[in-house]
Novice: 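Take this structure first; my questions come after.
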Amino acid sequence: MLLTITRNLEHALLQSIFEKYGVRYDSLSFTVPPRIELGELALPVAFDLARKVRQPPSRIAGELAADAGRLPGVGGVEVAGGGYLNFHLDREALAIALARSIAEGKFGLEAGEPAGKTIVEHTNINPNKAAHIGHLRNATLGDSFVRCLRFLGRQVEVQNYLDNTGVQVADVVVGLERMQNRTLAEVAAIGGKFDYFCWDVYAQVSDFYQRSEENKQWRSRTLQAVEAGGNPTAELAQHVAMRIVDAHLATMARINVSYDLLPRESEILHLHFWDTAFRLLKERGAVYYVDEGKNRGCWVMNTGEAQQEAVRAEVEDDEKIIVRSDGTVTYVGKDIAYQLWKFGLLGLDFHYRRYPLPPGHPGGPGHRLWITAMEGDGTPAPRFGHAERVYNVIDTRQAYLQSIVVQGLRALGYTAQAENSIHYSYEMVALTPACCEELGFPLSESDRKRPYVEVSGRKGLGVKADDLLDALEEKALGEVEARHTLPAEEARRIAHAIAVGALRYFLLRFSRNTVIAFDLKEALSFDGETGPYVQYAVVRAGNIFRKLEETGEKAPALAGDHPGLDDFLRENDEIWDLVYQAARLPEVVRQISQNLELGQLCKYAFSLAQKFNLFYHKYHILSETDPQKKRHLLLVTDLVRRQIEKALDLLGCEVPSKM
RNA sequence: GCGCCCAUAGCUCAGUUGGAUAGAGCAUCUGCCUUCUAAGCAGAGGGUCGCAGGUUCGAAUCCUGCUGGGCGUACCA
C-alpha cells in the first residue's frame, strides 16, 4: 500500500529527473508535510537539483509535478514552500485497501521479507538472583523487537542464554556453602521466593570476600568446581541456577516475554564447543599464548593496532584475555563459540530437551520451549541455530566485549557473519538518588550528588521486577475497582493487563541510548503518554461497537463496499489523517527493523490514540443521524482501533476488556 | 591517557539517512461529565536546542574545538 505507492513514485521521479536534467540519484527520501492539508508525502529533491542544474527550485518542482500526478494511488501533486513537491494520496483507495488488508489480518503490510533465519538473543540474566528493572528493559526491547520482525514476516528464533557456570552463580554458591554452611538438601528445602533469597545472599558475598584472603580464594575454587561438574558444589550450582531460571521465566511470563530455546553455558563447555572454537582460533593465529608480563600464562586476543613485535608493555594493553592462567575460559571465549554455533559454523550441535513453560506463559498453544542438554529426551527437536543474522540484545557497557566476539569471527574468516552479528545495544536503567533513598538504600555523600546511581546486583541495589509489577497491579486494581464492580478474577485480569501496559510502554518509550533514571512515580503513572492511555483509546472504541450491537445494529464490514466514502474523506482532513496514520503502521515497523528504536512504535501508538481521542470527543457516533456518515465514522473507528491494538500487541501489551 | 555516549521547556523525554512555524507528557493556571467511560478533551504560559566556529539554499541534526556529565578500557559479565 503505502510502500508500493512511494516506490512507484520514487521510480517514476528518478526516471523523470534523469530525463529532464540528466541527474541520477540512487534513491529519493520522502518526508512528511507539516500539516495533512498539504498532503501525505513531501519531497525536497528540487532544492538539491536547483544547485546542480542552476535553476530555481520552485520551477524544477513545478516541472516534476507536471507528470508525477498520474500514478495509481496518487490523487494530486502540488508545489509548496518554495520547492517542495507535495503529494496527495487517493484517500478512498487507501482507506479501502487498508480495510481489506486488516480484514485479512495483514494490517496494511505487503510483500514478504526475504527468507533466512534471524536469531535474537535477549534477557540473559545471570541465574543467581531475582530479575530487576534493568533486566526488564533488556527483555522488553528484545521481545518487542522479535514481535516486530515476525510481523514483517521474518523467521525468528529467540534464545535466552543461561550463564549457569559463571562467576556470578559461583558467588552465590560461595555464599550458601561457605557463609551459611548449607548443603544441597538444605538449600533445596528453602521455601518462598528463592530468587529473592539469593538476591540477599549475593549482596553479602562481596563483604565475605573482603574479610580475608582465604575467603577470596573460594571464588576461584568454586568456579573451577562448577565448571568441572560432577561434584557436590557443581550440583548445588545447578540447583541454584535452574531454580532461579524458573523464577526468571515466571517473571518474564508476567510481562508477556517468551523464548524458544535456553542455551546453557555448561553444554558449551561439556559438549566441547569451546575446545573446538579454541582450536580454530589457535590455528588461525587469532589467539596466542603469553609467557611474560602481566598476562603471563594466558591465551589472549590482540584488539589493537600494535604488532606483536612491538614493545611488550604497549602490546599487552591491547590484549584481551580469552583463557585465564588457571585454565578457565572467560565469558567472551565461550561467547565466541556460541556465536559460531548460532551461524552454524562450529560443526557441532547441542542436544535438546523440552522445557516446561512457566505458568501463564504468553505463547500460543503451539508454543514450545527447549533447553540444551548433554543428551536428548527422544523428542525430535527443531533445527536450532544456522542463522543468517544474529541480534544480541546487550547493554551498551558490553560493547567492547561484543566487538571482540565479532573480531573473533572476522579472524576466522567469517566476514559475512561478522557483519551480520549485530549488537543491539541500549543504555542502562539507573536509579535517581531520590529514588534510592525512598526505597531505603543509604547513599554516600558523593553518590547523592550524582545524576543517577547504577543498579547493582552485587550491592543489592535495585528495584526487583516482581516488586514493581506487584505495585503496578495493586495500583491498577484500585483504579479498576473505583470505576467498576466486577468479579474479583476479572478485575485482577484487567489490572494485570494495565500494569503490563504501563510497564512495557514505560521501558520502551525511551530511545536506546538514553539512560533511564528510574522514577517510581513516573513508572506508576497511567495518565498522559503511557501504555494505559493507549489501551484506553482502544477500549473506548470497543465500547462503541459493543453498544452498537446491543441496539441490534451491525457495524460495516471492513471488506465490504463503502459508498460515499470518497467525498467524506475528501471533506474531512482530520478524519482522513486518522486513516492515513493508521495505514502507516507497517512503515513504522519496517523503520524499527532497521534502526531498532522501539520508542518510535510507542510514539506512533500514542499519537494515533491521541488523534482518536480527539475524534471520539468531536464526533458522537452512536447518535449520528445520517446513516451513511455513521457508517463512515464506524469504519474509521474500526480501522484505527485495530491498528492501535496491533501496535500494542507488538509492544507486548494487551487490551483490557474494560477500563 | 584512550574509546564510546549524553547535554533540547521548571521536570522527564521525542525529534534516525540535514527540510516547511523545534514537539509530547508531567507539573502550573483556566474551562468541559444529563452524551459511545473524565485513565479523557479544549485552552494558556513556558525554548540562547551546553558554548564557539565551520559546511550548506537550508543545521537541534553533519564537521572541528571547548565546557560539563556518564560509561567502558578486569585473569567479572
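Computed from a predicted structure; not experimentally measured. Chain naming here is simple, since letters A, B, ... match the order of the sequence lines and numbering starts at 1 in each.
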Novice: Please check the phosphate of C5(B) (OP1 and OP2 only) for any side-chain N or O of Asn513(A) closer than 4.0 Å.
Specialist: no
Novice: Using the C1' atom as the reference point in each nucleotide, state the distance between A74(B) and A14(B) in Å, no decimals.
Specialist: 37 Å
Novice: State whether a side-chain donor-acceptor pair under 3.5 Å links Tyr536(A) with Asn613(A).
Specialist: no
Novice: Considering residues, nucleotides and ligands other than Gln581(A), do more than 12 of their heavy atoms fall under 6.0 Å from its CD?
Specialist: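 Yes, the 6.0 Å shell around CD holds more than 12 heavy atoms from other groups.
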Novice: With nearest nucleotide decided by heavy atoms, which residue, Gln610(A) or Asn595(A), maps closer to the 5′ end of RNA chain B?
Specialist: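 Looking at the nearest nucleotide for each, Asn595(A) comes out on the 5' side.
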Novice: Could you tell me the Watson-Crick or G-U partner of U21(B), where both distances fall under 3.5 Å? Say none if there is no partner.
Specialist: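 No nucleotide pairs with U21(B).
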Novice: With respect to the phosphate group of A38(B), does any side-chain polar atom (N or O) of Arg483(A) fall under 4.0 Å of OP1 or OP2?
Specialist: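 Arg483(A) to A38(B) OP1/OP2: no side-chain N or O under 4.0 Å.
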Novice: Below the 4.0 Å mark, does U37(B) have OP1 or OP2 next to a side-chain nitrogen or oxygen of Asn543(A)?
Specialist: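 So the side-chain polar atoms of Asn543(A) do come within 4.0 Å of the phosphate oxygens OP1 or OP2 of U37(B), strictly under.
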Novice: Checking contacts here: which listed nucleotide (A74(B), G70(B), C13(B)) is nearest the side-chain heavy atoms of Phe510(A)?
Specialist: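 My answer, after comparing the listed nucleotides, is C13(B).
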Novice: So what's A44(B) paired with, Watson-Crick or G-U wobble, going by both distances under 3.5 Å?
Specialist: U28(B)
Novice: If only side-chain N and O atoms of Ser511(A) are considered, is one of them under 4.0 Å from the OP1 or OP2 phosphate oxygen of A14(B)?
Specialist: yes
Novice: P atom, G72(B) versus A27(B): distance in rounded Å?
Specialist: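 Going atom to atom, P in each nucleotide, I get 34 Å.
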Novice: Applying the side-chain hydrogen bond (donor to acceptor under 3.5 Å, both in side chains) criterion to Tyr161(A), which one of Arg264(A), Glu121(A), Glu265(A), Lys334(A) satisfies it?
Specialist: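 Among Arg264(A), Glu121(A), Glu265(A), Lys334(A), the one that satisfies the side-chain hydrogen bond (donor to acceptor under 3.5 Å, both in side chains) with Tyr161(A) is Glu265(A).
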Novice: Within less than 4.0 Å of OP1 or OP2 of A77(B), is there a side-chain N or O belonging to Tyr331(A)?
Specialist: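 Checking A77(B) against Tyr331(A), no side-chain N or O comes under 4.0 Å of OP1 or OP2.
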Novice: How close do Tyr426(A) and Ile394(A) get, heavy atom to heavy atom, and via which atoms?
Specialist: CE2-C, 3.5 Å
Novice: For Phe30(A) and U16(B), give me the distance from atom CZ to atom P, rounded to whole Å.
Specialist: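 Between P of U16(B) and CZ of Phe30(A): 18 Å.
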Novice: Is it the case that Lys52(A) places NZ or CZ above or below the six-membered ring of Tyr21(A), under 6.0 angstrom from the centre and within 45 degrees of the axis?
Specialist: no
Novice: Between A38(B), G69(B), A39(B), which one does the side chain of Pro451(A) approach most closely?
Specialist: G69(B)
Novice: Checking contacts here: which listed nucleotide (C36(B), C75(B), A39(B)) is nearest the side-chain heavy atoms of Asn295(A)?
Specialist: C75(B)
Novice: Measuring only the P atom in each nucleotide, how far is G70(B) from C63(B)? A whole number of Å is fine.
Specialist: 24 Å
Novice: With a non-hydrogen cut-off below 4.0 angstrom, is Ser325(A) in contact with a base, only sugar-phosphate, or nothing?
Specialist: base
Novice: For Pro57(A), report the nucleic acid contact type (base, sugar-phosphate, nothing); a contact means any heavy atom under 4.0 Å.
Specialist: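 No contact.
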Novice: Does Phe518(A) have Arg137(A) sitting over its ring (NZ/CZ under 6.0 Å from centre, angle to axis within 45°)?
Specialist: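 No - Arg137(A) does not lie over the ring of Phe518(A) by the 6.0 Å and 45° rule.
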Novice: Base, sugar-phosphate, or nothing: which does Arg512(A) touch, judged by heavy atoms less than 4.0 Å apart?
Specialist: nothing
Novice: Using a cut-off of strictly less than 4.0 Å, decide whether Arg397(A) has a side-chain nitrogen or oxygen near OP1 or OP2 of A77(B).
Specialist: no
Novice: For the side chain of Asn86(A), starting at C-beta, report the closest nucleotide among A20(B), A39(B), G40(B).
Specialist: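 Closest nucleotide among those given: A20(B).
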Novice: Return the value, rounded to whole Å, for the distance between atom CZ of Phe506(A) and atom P of C26(B).
Specialist: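 For the pair Phe506(A) CZ and C26(B) P, the rounded distance is 15 Å.
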Novice: So, is Arg324(A) near the phosphate of C76(B), with a side-chain N or O under 4.0 Å from OP1 or OP2?
Specialist: yes
Novice: Could you tell me whether C41(B) is syn or anti, where syn means a glycosidic angle within 90 degrees of zero?
Specialist: anti
Novice: When we call it a touch if two heavy atoms are under 4.0 Å apart, what does Leu401(A) touch: a base, just sugar-phosphate, or nothing?
Specialist: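 Base contact.
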Novice: Nearest to the side chain of Arg51(A), which nucleotide is it out of A42(B), U12(B), C57(B)?
Specialist: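 Given the options A42(B), U12(B), C57(B), the side chain of Arg51(A) is closest to C57(B).
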Novice: How close or far is atom P of U37(B) from atom CD of Gln535(A), stated in whole angstroms?
Specialist: 17 Å
Novice: Between C71(B) atom P and Ile516(A) atom CD1, what is the distance in whole Å?
Specialist: 16 Å
Novice: Aromatic contact between Phe208(A) and Trp218(A), with the criterion being ring centroids under 6.0 Å apart: yes or no?
Specialist: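 No.
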Novice: Rounding to a whole Å, what distance do you find between His484(A):NE2 and A38(B):P?
Specialist: 11 Å
Novice: Of the listed nucleotides (A38(B), A39(B), U17(B)), which one gets closest to any side-chain atom of Ser27(A)?
Specialist: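 The answer is U17(B), which lies nearest to the side chain.
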Novice: Could you measure between the two P atoms, the one in C32(B) and the one in C51(B), and give it in whole Å?
Specialist: 42 Å
Novice: Quick one: is C41(B) close enough that its OP1 or OP2 comes under 4.0 Å of any side-chain N or O from Tyr533(A)?
Specialist: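 Checking C41(B) against Tyr533(A), a side-chain N or O does come within under 4.0 Å of OP1 or OP2.
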Novice: Check every strand shown and say whether Thr514(A) touches a base, only sugar-phosphate, or nothing at a heavy-atom separation below 4.0 Å.
Specialist: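 The residue Thr514(A) makes sugar-phosphate contact but no base contact.
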Novice: Could you check how far CG of Leu524(A) sits from P of U12(B), rounded to whole Å?
Specialist: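 After rounding, the gap between these two atoms is 18 Å.
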Novice: Does any non-hydrogen side-chain atom of Ile575(A) lie less than 4.5 Å from one of Leu633(A)?
Specialist: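 Yes, at least one pair of side-chain atoms sits under 4.5 Å.
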Novice: Quick check for you: among U37(B), A20(B), A24(B), whose closest atom lies nearest to any side-chain atom of Phe606(A)?
Specialist: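 Of all the options, the side chain of Phe606(A) is nearest to A24(B).
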Novice: Please measure how far the P atom in C49(B) lies from the corresponding atom in G10(B), and state the result in whole Å.
Specialist: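 Going atom to atom, P in each nucleotide, I get 12 Å.
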Novice: Picking from C36(B), C76(B), A39(B), which would you name as closest to the side chain of Lys547(A)?
Specialist: C36(B)
Novice: Applying a 3.5 Å limit to both distances, which nucleotide forms a Watson-Crick or G-U wobble pair with U73(B)?
Specialist: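 Pairing partner, where one exists within any strand: G1(B).
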Novice: Does U64(B) have a Watson-Crick or wobble mate here (both distances under 3.5 Å), and if so which one?
Specialist: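 Per the H-bond distance test, A52(B).
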Novice: So if I take every side-chain heavy atom of Glu522(A) and compare against C75(B), U17(B), U12(B), which nucleotide ends up nearest?
Specialist: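 Side chain of Glu522(A) sits closest to U12(B).
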Novice: Ignoring backbone atoms, establish whether Gln398(A) has a side-chain N or O less than 4.0 Å from OP1 or OP2 of C76(B).
Specialist: no
Novice: Can you tell me how far P of A38(B) sits from OH of Tyr616(A), to the nearest Å?
Specialist: 6 Å
